[in-house]
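Only one structure is covered here, and it is reproduced in the block below.
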Number of protein chains: 2
Amino acid sequence: MPATTSIRDVARVAGVSVGTVSNVLNRPQEVSADSVSRVNRAIEQLGYVRNDAARQLRAGVSSTVGFVVLDGQNPFFGEVVRGAEDEASRHGIAILYGNTDEDAAREGMYLDLFAEQRVRGVLISPYGDITARLERLRERGIRSVLVDRINGDGRFSSVSVDSVAGGRMAVEHLIAVGRRRIAFVGGPFGMRQVVDRLAGARAAAEGSTERVDIEVVATGALTVEEGVRAGRRILERPRRDWPDALFAASDLLALGLLQSLIVDGALLVPDEIALIGFDDIAFAGAAAVPLSSLRQPSRAIGQTALRVLLEETADPDLIPRRTVFQPELVVRASTRGR
Amino acid sequence: MPATTSIRDVARVAGVSVGTVSNVLNRPQEVSADSVSRVNRAIEQLGYVRNDAARQLRAGVSSTVGFVVLDGQNPFFGEVVRGAEDEASRHGIAILYGNTDEDAAREGMYLDLFAEQRVRGVLISPYGDITARLERLRERGIRSVLVDRINGDGRFSSVSVDSVAGGRMAVEHLIAVGRRRIAFVGGPFGMRQVVDRLAGARAAAEGSTERVDIEVVATGALTVEEGVRAGRRILERPRRDWPDALFAASDLLALGLLQSLIVDGALLVPDEIALIGFDDIAFAGAAAVPLSSLRQPSRAIGQTALRVLLEETADPDLIPRRTVFQPELVVRASTRGR
DNA sequence: CGATTCATTTGATTCGTTTCAAATCGTTGG
DNA sequence: CCAACGATTTGAAACGAATCAAATGAATCG
């Protein structure tokens, strides 16, 4: 039986009341210097560690935040979590982490778990339609902030990136380096991000003084494997029908494309075909041909999401707000002009 | 003020006592079918959600496990966490996630946080020397399991991979595909894993009937950038002094090497130089030249670590034990014979 | 010197569960 | 018909920290 020392023991050793110990812990400025030091000495001596469950029960304030991520394997989300975690640690808050792998049941399970934990709030990059669930959480006093996705009717705060602008920037860049026959590789088109990036791409093509074609190569997901498959499909065509540039809706796709664009040990990228991705994950710069991409400020997204959440939990009357970051064009070898 | 409904409300609505409600929640088999259904109906009707803080306070059992990871950006650890999370969710346990980024202060902060939370246990891939800290946690009844690292004196359970065997397998494979001048790329040599992999490599060379040279190219870390740098250093040498194979101590290094091994748009890998990594992260297979590697069963590592932890917390008298997995050789294009 | 004020300190009460000894109820056996 | 038993149910007592009205003590003022 691990002899657990409580605030009571500390009080006894320090020769003060439990109320004073609690005050030293929570508002030392209202306690005499003498008491503070005696209590601290007692804490030290006993190796006392505050029991957060009791604190939370009585004070009604949790020191954890839940974060449900739909694709924990994607380095982009890894970075987002890192940003949130960084900010959280600054507030003495820990992150309850849940990965759903695009499984609605898991998503629900985590939200239930978080409700039992009475977390301070929830960050979520949602998979299924969970507005109803999040509403119910809110009725219980648990706010949520959507990450990398905006909610149609603005009932929840969100932190995301302007995908339309990103798509435009990508294609404008490809045009600037002299490409005219551009293929947009992405899918499924149920994903808002994919649709937006394509819309931006088309806008750039139409806005150009040159004649620029945008062809769509649809994929089933934003994964490396789908990228490889899409690349093979393109290479099957007669050489003169190849596009001279590919805009992939995500870096994972782009990495897959890159892998498929090797013929006889020689890379078609960037000379024959320019390639640009989206997200700027760490591996983009680390690819055999370093990948141009649109950087999402992933750390900042996580950090901001956590901040918004804390602000909202501090003042429940705040109305939800959207934060939209602008992506940033990062040019590397994969789109060098010929 | 979100009207929080308690077990008391449920009892009132169901027309039973709080004790019975608690029993329905925790040991329904000891309650009459009638009570069970009435209580469940009341729970449904009120939208009652158990308050885990109160439960933990009274029962003394937490439903969270802490996981401190030293490099959250490394996909390898991402997979390990995923494995642990998977197993945890099966037990209704959530994971408190902390990334230290090789920062001893952060590592300490998370352990403190976990202690306050009275987590069920701690999984940790340690950075600094934290045996003392973990001992203190244990005195408080919080057990720890080391992940991907073994503890010198066996005072803690650990789950890891046999790096010596992995190193041997890598070099045996390189020899089998006809390579004789092999460079081991890795560092720092303070890392147990690095030392072990090199030791395995040397053992393989010495065990061969052929004459095989193992040269060491030291790096400052197991990162992509260091890999690029190491690759450049090798290419600077006159061509006839190049090794004909590289064994990188991690896939991140190998990816960096791969990037540096492009000359005039043509890849030296695998024809001129074979390349093999370690870990088999998802991006290894997705590289421009799919990378051969030694697969660590990362999911299984996480899953096993969590299981060991739960077993130990269930029976505190269990003595620490080591679990060592064998790596598995995965052959891809980067080590194809010439 | 007593009254008043201000700064600290006190400790009983509370948060929502689990637990467990005691009470209740329906059966069964004598 | 009563005693004894097993199966359920009950409800008061924890768990450990936060809170806040009340008490204490020191300092100031008239």
Side-chain angles (χ1 to χ4, degrees), chain A residues 1-40 42-43 46-63 92 115-120 140-142, chain B residues 1-40 42-43 46-64 92 115-120 140-141:
Chain A
M1 186 74 38
T4 158
T5 79
S6 81
I7 204 174
R8 214 155 234 103
D9 304 308
V10 175
R12 192 164 24 74
V13 171
V16 299
S17 73
V18 294
T20 299
V21 176
S22 178
N23 283 333
V24 170
L25 256 29
N26 299 301
R27 43 187 93 74
Q29 72 285 359
E30 293 183 11
V31 180
S32 72
D34 179 55
S35 294
V36 171
S37 72
R38 284 166 62 194
V39 167
N40 282 333
I43 287 177
L46 295 172
Y48 166 78
V49 175
R50 179 213 246 113
N51 182 326
D52 197 69
R55 166 201 179 75
Q56 177 177 340
L57 175 60
R58 177 62 235 247
V61 181
S62 162
S63 47
E116 287 198 358
Q117 298 283 341
R118 303 286 196 273
V119 293
R120 184 93 139 250
R140 294 220 176 70
I142 301 181
Chain B
M1 187 75 37
T4 158
T5 79
S6 81
I7 205 173
R8 210 155 236 104
D9 305 308
V10 174
R12 193 166 22 74
V13 170
V16 298
S17 73
V18 294
T20 299
V21 176
S22 177
N23 283 333
V24 170
L25 256 28
N26 299 304
R27 45 186 92 76
Q29 71 285 0
E30 294 184 10
V31 180
S32 72
D34 178 55
S35 294
V36 171
S37 72
R38 285 165 62 194
V39 167
N40 281 332
I43 287 178
L46 295 173
Y48 166 78
V49 174
R50 178 214 247 113
N51 183 326
D52 198 69
R55 165 201 178 74
Q56 178 177 339
L57 175 59
R58 176 61 236 236
V61 182
S62 163
S63 47
T64 60
E116 287 198 359
Q117 299 282 340
R118 302 287 196 271
V119 293
R120 185 94 139 249
R140 295 219 173 69

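Each chain gets a letter, A, B and so on, in the order its sequence line appears, and its residues count up from 1. FYI, side chains are in, hydrogens and waters are out, and symmetry mates aren't considered; it's all heavy atoms of this structure.
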Please work out if R27(A) contacts a base, only the sugar-phosphate, or nothing of the nucleic acid, heavy-atom cut-off 4.0 Å. sugar-phosphate
Any base atoms under 4.0 Å from N26(B), or only sugar-phosphate, or nothing? Heavy atoms, all strands. sugar-phosphate
Under 4.0 Å from any heavy atom of chain B: name the first and the last nucleotide of DNA chain D that qualifies, 5' to 3'.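 Going 5' to 3' along DNA chain D, contacts run dT8(D) to dG16(D).
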On DNA chain C, reading 5' to 3', which nucleotide is the first and which the last to sit with an atom under 4.0 Å from a heavy atom of chain B, could you check? dG16(C) to dT19(C)
Just jot down the side chain to side chain contact (heavy atoms under 4.5 Å, CB included) partners of I43(A), sequence neighbours excluded, or say none.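 Counting only residues at least two positions away or on another chain, I43(A) forms a side chain to side chain contact (heavy atoms under 4.5 Å, CB included) with V10(A), L25(A), V39(A), N40(A), Y48(A).
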The criterion is side chain to side chain contact (heavy atoms under 4.5 Å, CB included); which residues satisfy it with V31(B), sequence neighbours excluded? T20(B), N23(B), V24(B), S35(B), V36(B)
Do the side chains of N51(B) and S6(B) get nearer than 4.5 Å, heavy atoms only? no
Can you list the residues that meet the side chain to side chain donor-acceptor pair (under 3.5 Å) rule with S37(A), with sequence neighbours excluded?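 Here no residue qualifies.
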Which heavy atom in S62(A) sits nearest to a heavy atom in V119(A), and how many Å separate them?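 Residues S62(A) and V119(A), closest heavy atoms: OG-CA, 3.7 Å.
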Do you know which two heavy atoms are closest between A14(A) and A42(A), and how far apart they sit?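 Smallest interatomic distance, heavy atoms only, reads CB-CB, 3.8 Å.
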Could you tell me, to 10°, how much the axis swings from one end of the helix from dC1(C)-dG30(D) to dG30(C)-dC1(D) to the other, five pairs per end? 60°
With a cut-off of 3.5 Å and sequence neighbours excluded, list every side-chain donor-acceptor pair involving residues 54-61 of chain B.
unit_1: R55(B); atom_1: NH1; unit_2: N26(B); atom_2: OD1; d: 3.4
unit_1: Q56(B); atom_1: NE2; unit_2: Q117(B); atom_2: O; d: 2.9

Toward the 5' end of DNA chain C, by each residue's nearest nucleotide, R8(A) or S32(A):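 Nearest nucleotide further toward 5': that of S32(A).
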Contact list for residues 31-40 of chain A, test salt bridge (Lys or Arg N to Asp or Glu O under 4.0 Å), sequence neighbours left out: D34(A)-R38(A)
Could you list all the salt bridge (Lys or Arg N to Asp or Glu O under 4.0 Å) pairs where at least one residue sits in residues 8-20 of chain B, not counting sequence neighbours?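 For residues 8-20 of chain B: D9(B)-R12(B).
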Can you name the salt bridge (Lys or Arg N to Asp or Glu O under 4.0 Å) partners of E116(B), sequence neighbours left out?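 E116(B): salt bridge (Lys or Arg N to Asp or Glu O under 4.0 Å) contacts with R50(A).
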I need the I142(A) CD1 to R118(A) CZ distance, nearest 0.5 Å. 7.0 Å
Heavy atoms within less than 4.0 Å of DNA chain C: which residues of residues 9-23 of chain B have one? Give them sorted by number. G19(B), S22(B)
